[in-house]
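Some notes on the structure that comes next.
Keep in mind it's a predicted model, so treat the numbers as computed, not measured. These numbers come from the heavy atoms of this one structure, side chains and all, not from hydrogens, waters or symmetry mates.
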Amino acid sequence: MTSEPVSLAHALASFDELWSPRIVTAVNDYDVRVAKVEGEHLWHVHDHTDEFFLVLEGELHIALREPAGERTVVLPKGSVFTVPRGTEHKPVAPAGASILLFEPTGTSTVGDRHDDIPAHVDATTGHALP
């Protein structure tokens with residue numbers, strides 16, 4: 001990691017791939033990642049960690065399958081939401097969004113259990129910035 005400040009706007013401008021996060025820094029054993037997203041991700045579960053979302057631009061919907069049933073949370077720009085570990089979820093950005101994620105280093109974008117991975121989703125633990 002760099003010991004210099006990182007502009008999130010410059011980091012996001014450095015790549016075009018959707019659903020393919022870039023690691024902008026680390027905090028202890030956690031990655032701080034940014035991603036451009038549009039359309040649907042996939043249903044998946046992180047068995048051992050929560051997943052933190054911050055919407056930098058646009059709007060993100062997160063569908064959740066909880067014991068009480070399915071629901072969708074809507075996150076406009078500037079909103080945060082944490083999906084609890086073990087909760088099946090599917091992020092969706094109908095009109096596109098830029099997001100920041102905070103999760104343990106090595107966490108897969110498709111979780112520990114998931115549906116078939118569509119071609120537009122990058123199954124990764126995050127990429128370095130170009």
Once you round to the nearest 0.5 Å, how far does [atom1] of [X] lie from [atom2] of [Y]?
X	Y	atom1	atom2	answer
Lys36	Leu12	NZ	CG	6.0 Å
His41	Lys90	NE2	NZ	11.0 Å
Phe102	Asp50	CZ	CG	11.0 Å
Leu42	Ile117	CG	CD1	6.5 Å

Find out if a path of hydrophobic residues (ILVMFWY) with successive side-chain heavy-atom gaps under 4.5 Å connects [X] to [Y].
X	Y	answer
Ile62	Leu54	no
Trp43	Phe53	no
Ile99	Val83	yes
Leu56	Leu101	no
Val55	Val73	yes

Member of Val37, Thr109, Val110, Asp122 meeting the side-chain contact (heavy atoms from CB on, under 4.5 Å) criterion with Trp19: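 Only one option passes, and that is Val37.
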His89 and Glu51 side chains, donor-acceptor separation under 3.5 Å: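 Side chains of Glu51 and His89: pair found under 3.5 Å.
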Short side-chain donor-acceptor distance under 3.5 Å, Thr105 and Asp29: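 No, Thr105 and Asp29 have no side-chain donor paired with an acceptor closer than 3.5 Å.
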Closest non-hydrogen atom pair, [X] against [Y]:
X	Y	answer
His61	Pro94	CE1-CG, 3.8 Å
Pro91	His44	CD-CE1, 3.8 Å
Glu40	His120	O-NE2, 2.5 Å

Within 6.0 Å of CZ in Phe15, more than 12 heavy atoms from elsewhere: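 Enclosed.
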